[in-house]
Enquirer: 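Supplied in structure tokens, the structure appears directly below.
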Protein chains: 2
Amino acid sequence: MITKRGTLEILMPLCCNTTPVRYQTFRNSMKGFSSKTLSIRLKELEQGGILNRRSYNEIPLRVEYRLTKKGQELTESIIHLLQWMKRWSST
Amino acid sequence: MITKRGTLEILMPLCCNTTPVRYQTFRNSMKGFSSKTLSIRLKELEQGGILNRRSYNEIPLRVEYRLTKKGQELTESIIHLLQWMKRWSST
DNA sequence: CAGTATCCTGTACGATACTG
DNA sequence: CAGTATCGTACAGGATACTG
């Protein structure tokens, strides 16, 4: 699941801050991904217990995704990985 | 590169010990992957500076792969990730 | 042993249009 | 806004056979 295309990109903006992220925000930060792929990945991450999806009865719709405990612990690994990427980005 | 199918499986046996790994050993530890996919992934990892390939003038052929410095640092992240997987394997 | 070459197929994914 | 439905295609990757 975590090695699928797009998953890393979804989790990246969730690594740095604890505020929930909306669908549109993911879309904007994920150029090169279709809405279809994004929603599939989000659903997988939700079913995998990484993300919590919460929708509000508002017009226009508002849906927020936030990390679960499991997801937060995963981001620790991802942060570690991102540091490695940054460290070796020139090579 | 590191999220491609098979890459994680290639690096896993290199996480635990520092001894070089041979092609056939990868094959045996990677049921469900063809030789084609394996050699493509190995080449990518070599070109990405993760692995060093070293061949010996012997019959039968012997080729060994070992981690570079960059690769060793990457495995630190992967070990971290594997611990997370183990911790949450029941869910 | 350590790969390559070739052929073939499933599927992941984008583009587009649509909906509650 | 946050998705879903449909269609079409590129390409990842398996099976098999082959090579230095």
Side-chain angles (χ1 to χ4, degrees), chain A residues 1-15 17-68 71 74 78, chain B residues 1-15 17-68 71 74 78:
Chain A
M1 172 182 57
I2 55 178
T3 61
K4 286 192 174 180
R5 186 183 126 88
T7 298
L8 213 55
E9 286 83 351
I10 288 177
L11 294 177
M12 269 160 55
L14 287 158
C15 283
N17 54 62
T18 56
T19 55
V21 175
R22 302 181 61 168
Y23 187 87
Q24 193 59 38
T25 310
F26 286 123
R27 291 236 59 188
N28 294 336
S29 70
M30 293 176 68
K31 308 294 182 191
F33 291 88
S34 66
S35 64
K36 179 184 170 183
T37 302
L38 174 57
S39 44
I40 290 173
R41 283 300 101 80
L42 287 173
K43 204 164 289 183
E44 288 170 354
L45 290 171
E46 194 194 350
Q47 286 170 354
I50 311 294
L51 295 181
N52 269 329
R53 179 186 182 278
R54 183 168 182 182
S55 62
Y56 298 83
N57 285 326
E58 299 177 1
I59 303 292
L61 291 183
R62 179 161 63 105
V63 176
E64 290 179 349
Y65 292 87
R66 70 191 70 207
L67 291 167
T68 61
L74 174 57
I78 293 178
Chain B
M1 172 182 57
I2 54 177
T3 62
K4 285 193 176 180
R5 185 181 127 88
T7 298
L8 213 55
E9 285 83 351
I10 289 176
L11 294 177
M12 269 162 53
L14 287 159
C15 282
N17 54 63
T18 56
T19 55
V21 175
R22 300 181 62 168
Y23 187 86
Q24 193 61 37
T25 310
F26 285 124
R27 290 235 60 189
N28 294 337
S29 71
M30 292 176 68
K31 308 293 181 191
F33 291 87
S34 66
S35 65
K36 179 183 169 183
T37 302
L38 174 57
S39 44
I40 291 174
R41 282 301 102 78
L42 286 172
K43 205 165 287 181
E44 288 169 355
L45 289 171
E46 193 194 351
Q47 287 171 354
I50 312 293
L51 295 181
N52 269 329
R53 178 186 183 280
R54 182 167 183 184
S55 63
Y56 299 83
N57 285 328
E58 299 177 2
I59 302 294
L61 290 183
R62 178 159 63 105
V63 177
E64 290 179 347
Y65 294 87
R66 70 191 72 208
L67 291 168
T68 61
L74 173 57
I78 292 177

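Values below: all heavy atoms of this structure, side chains included; hydrogens, waters and symmetry mates excluded. So that the names make sense, note that chain A is the first sequence line, chain B the second, and so on, each numbered from 1.
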Enquirer: Side-chain donor-acceptor pairs under 3.5 Å in residues 25-33 of chain B, sequence neighbours left out?
Expert:
from: B/R27; atom 1: NH2; to: B/F33; atom 2: O; distance (Å): 3.1
from: B/N28; atom 1: ND2; to: B/Q24; atom 2: O; distance (Å): 3.3
from: B/S29; atom 1: OG; to: B/T25; atom 2: O; distance (Å): 3.4
from: B/S29; atom 1: OG; to: B/F26; atom 2: O; distance (Å): 3.0

Enquirer: Taking side-chain contact (heavy atoms from CB on, under 4.5 Å) as the definition, give me every residue that meets it alongside B/S55, ordered by chain and number, with sequence neighbours left out.
Expert: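 Here the qualifying residues are B/R53, B/V63.
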Enquirer: Determine yes or no for a side-chain-to-main-chain donor-acceptor pair under 3.5 angstrom, with B/Y65 supplying the side chain and B/L14 the backbone.
Expert: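 A pair under 3.5 Å: no.
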Enquirer: Apply side chain to side chain contact (heavy atoms under 4.5 Å, CB included) to residues A/T68 and A/L51 and explain how you reach the verdict.
Expert: CA-CA 5 Å; A/T68 61; A/L51 295 181; 5.7 Å; no
Enquirer: Using Watson-Crick pairs (N1 to N3, plus N6-O4 or O6-N4) and G-U wobble pairs, both distances under 3.5 Å, which stems of at least 3 pairs involve DNA chain D?
Expert: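 So far as stems of 3 or more pairs are concerned, DNA chain D shows C:1-20 with D:1-20.
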Enquirer: Do nucleotides 8-20 of chain D as a string where each nucleotide becomes B, S or -: B if the base has a protein heavy atom under 4.0 Å, S if just the sugar-phosphate does, - if no protein is that close.
Expert: -----BBB----B
Enquirer: In whole Å, what is the span from the CG atom of A/L38 to the P atom of C/dA12?
Expert: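 Distance check: A/L38 CG to C/dA12 P gives 17 Å.
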Enquirer: Take A/L11 and A/I50 through the side chain to side chain contact (heavy atoms under 4.5 Å, CB included) test and state the conclusion after the steps.
Expert: CA-CA 9 Å; A/L11 294 177; A/I50 311 294; 4.0 Å; yes
Enquirer: In Å and rounded to the nearest 0.5 Å, what is the CD1 to CG distance from A/I2 to B/L8?
Expert: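 These two atoms lie 6.5 Å from each other.
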Enquirer: Tell me, which of residues 43-54 of chain A have any heavy atom that sits under 4.0 Å from an atom in DNA chain D?
Expert: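 Per residue number, the list reads A/K43, A/R53.
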Enquirer: Could you pull out all residues at least two apart from A/E9 that satisfy side chain to side chain donor-acceptor pair (under 3.5 Å)?
Expert: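 Expected list: none.
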Enquirer: I'd like to check the side chain to side chain donor-acceptor pair (under 3.5 Å) partners of B/Q47; sequence neighbours left out, ordered by chain and number.
Expert: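 Not a single residue meets the side chain to side chain donor-acceptor pair (under 3.5 Å) criterion with B/Q47.
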Enquirer: Short of 4.0 Å, heavy atom to strand atom, which residues of residues 22-31 of chain B count as contacting DNA chain C?
Expert: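 Going residue by residue through residues 22-31 of chain B, the ones with a heavy atom under 4.0 Å of DNA chain C turn out to be B/R22, B/Y23, B/Q24.
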Enquirer: Quick one: side-chain contact (heavy atoms from CB on, under 4.5 Å) partners of B/I40, sequence neighbours excluded?
Expert: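 With neighbours one apart ignored, the set is B/K36, B/E44.
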Enquirer: NA contact type, B/Y65, heavy-atom cut-off 4.0 Å: base, sugar-phosphate, or nothing?
Expert: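 Answer is sugar-phosphate: B/Y65 comes under 4.0 Å of backbone atoms only.
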Enquirer: With rounding to the nearest 0.5 angstrom, report the OG1 to NZ distance, B/T37 to B/K4.
Expert: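 Answer for the OG1-NZ pair, B/T37 versus B/K4, is 11.0 Å.
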Enquirer: Take the protein atom CZ of A/R62 and the nucleotide atom P of D/dC1, then report the distance between them rounded to whole Å.
Expert: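 Result: 13 Å.
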Enquirer: Do the side-chain N or O atoms of A/S39 get closer than 4.0 angstrom to the phosphate oxygens (OP1, OP2) of D/dT4?
Expert: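 Answer yes for this pair, as a side-chain N or O of A/S39 is under 4.0 Å from OP1 or OP2.
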Enquirer: Hey, could you give me the CG/OH distance between A/L61 and A/Y23, rounded to the nearest 0.5 Å?
Expert: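 OH of A/Y23 is found 12.0 Å from CG of A/L61.
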Enquirer: According to side chain to side chain donor-acceptor pair (under 3.5 Å), who are the partners of A/R66, at least two apart in sequence or on a separate chain?
Expert: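 With sequence neighbours excluded, A/R66 shows a side chain to side chain donor-acceptor pair (under 3.5 Å) to A/E64, given in chain and number order.
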Enquirer: What integer distance in Å separates B/Y56:OH from C/dA2:P?
Expert: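 Whole-Å distance recorded here is 12 Å.
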Enquirer: Sequence neighbours left out, what passes side chain to side chain donor-acceptor pair (under 3.5 Å) with B/T18? Give chain and number order.
Expert: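 Side chain to side chain donor-acceptor pair (under 3.5 Å) list for B/T18, sorted by chain: empty.
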